[in-house]
Amino acid sequence: MAPSAESQKLSTERETASHHAITNTHDGSTYKSRVTVVGSGNWGSVAAKLIASNALKLGSFHEEVRMWVYEEVLPSGEKLSEVINQTNENVKYLPGIKLGKNVVADPDLEHAVRDANMLVFVTPHQFVEGICKRLIGKIRPDAEAISLIKGMEVKMEGPCMISSLITEQLGINCCVLMGANIANEIAVEKFSEATVGYRQNKETAEKWVRLFNAPYFMVSAVQDVEGVELCGTLKNVVAIAAGFVDGLEMGNNTKAAIMRIGLREMKAFSKLLFPSVKDSTFFESCGVADLITTCLGGRNRRCAEAFAKNGGRRSFDELEAEMLQGQKLQGVSTAKEVYQVLSHRGWLELFPLFTTVHEICSGCLPPTAIVEYSRS
């Protein structure tokens, strides 16, 4: 659902007010920003590593970076948060990678965000609303947020982007960061790029760019929150389709065709929902680059490949549990959410690939339908 002029104005006012609050005290002097990462999975741990390194180098940030950990008990009987703090490593979701000694794992959500004025949200998208409800009244009024989350919520009144959900629930501005970012590759510092999407205040975006940017992780900013966020969300649906093609051994030509059709539907869907979305955004890292890397690698493609190889006889829930060691698939749930939007608005025939992906995932069609139905 496109934001109203009033809500866009409110978001802009929050962005401007928050920017001044996080850079100036009442007497005009500057102080150091405190960062908390809300989430500690594979990508959340990599984000904490990036941020922690920059927090030590840049004088505008406090050195300590808190990372909220959804507490789990490991097979050894130890608590995950305690092991992270003892070993400086997320042994479950990012084994073998040191996060930085200034990363502090905290299983208490309210305590983790206390005093932080920069909040980095990086959890599975289906958990965001519940997390935000727990944080109402618990965060600083001058806090800024950025979402690294790829997905959307579908409500009675229409689709709601995660950044908008965070803004509406917590009353704070929320930028987004998306890109061709397979977490394990960034963890070992292989070169990649990312895109920060912002609404009005470029200085706010540039502060997020500084927090994440590294020689091996090049970050740029564009004034298009919805475009950046929808690219990061919708590419997971296309990756499911690419996985079906791989599992059926249809070849590279077919896969390229599916990716092209997918990109076309990503752009069309985004612009129908938000006419303000810029064509140029699809050529940023968050767009075509993220689509390519997700369709070549990534968890959504891998699980969809296994699904197709088994002729759809094993459920995605079963494959997720077996293959991802606690990580969550996003593409299957996003495909369902997109399908709900398409069905409600009478757009199913306009988006044959998106429609077919959901119908395969839900068992209505066999994996072989990916080509037959997507080209209609």
Kindly give the heavy-atom pair with the smallest separation between [X] and [Y], and that separation in Å.
{"X": "Arg299", "Y": "Leu329", "result": "O-CD2, 3.7 Å"}
{"X": "Cys361", "Y": "Ile240", "result": "SG-CG2, 3.9 Å"}
{"X": "Val219", "Y": "Asn213", "result": "N-OD1, 2.8 Å"}
{"X": "Arg314", "Y": "Phe307", "result": "O-CD1, 3.2 Å"}
{"X": "Ser285", "Y": "Gly179", "result": "OG-CA, 3.5 Å"}
{"X": "Val357", "Y": "Ala241", "result": "CG2-CB, 3.7 Å"}

May I ask you to check whether [X] and [Y] show a side-chain donor-acceptor distance below 3.5 Å?
{"X": "Tyr93", "Y": "Glu72", "answer": "yes"}
{"X": "Asn236", "Y": "Thr334", "answer": "no"}
{"X": "Gln340", "Y": "His358", "answer": "no"}
{"X": "Glu153", "Y": "His125", "answer": "no"}

When the ring centroid of Tyr339 is compared with that of Phe354, is the distance short of 6.0 Å?
no

Give a yes or no on this: more than 12 heavy atoms of other residues, nucleotides or ligands lie within 6.0 Å of atom NZ of Lys271.
yes

Please say whether more than 12 non-hydrogen atoms of neighbouring residues, nucleotides or ligands are located less than 6.0 Å from NZ in Lys101.
no

Relative to each other, are the rings of Phe244 and Phe316 parallel, tilted or perpendicular (30° and 60° limits)?
tilted

So does Glu265 pair up with Lys267, basic N to acidic O under 4.0 Å?
no

Is Ile186 reachable from Phe191 through a run of hydrophobic residues whose side-chain heavy atoms are each under 4.5 Å from the next?
no

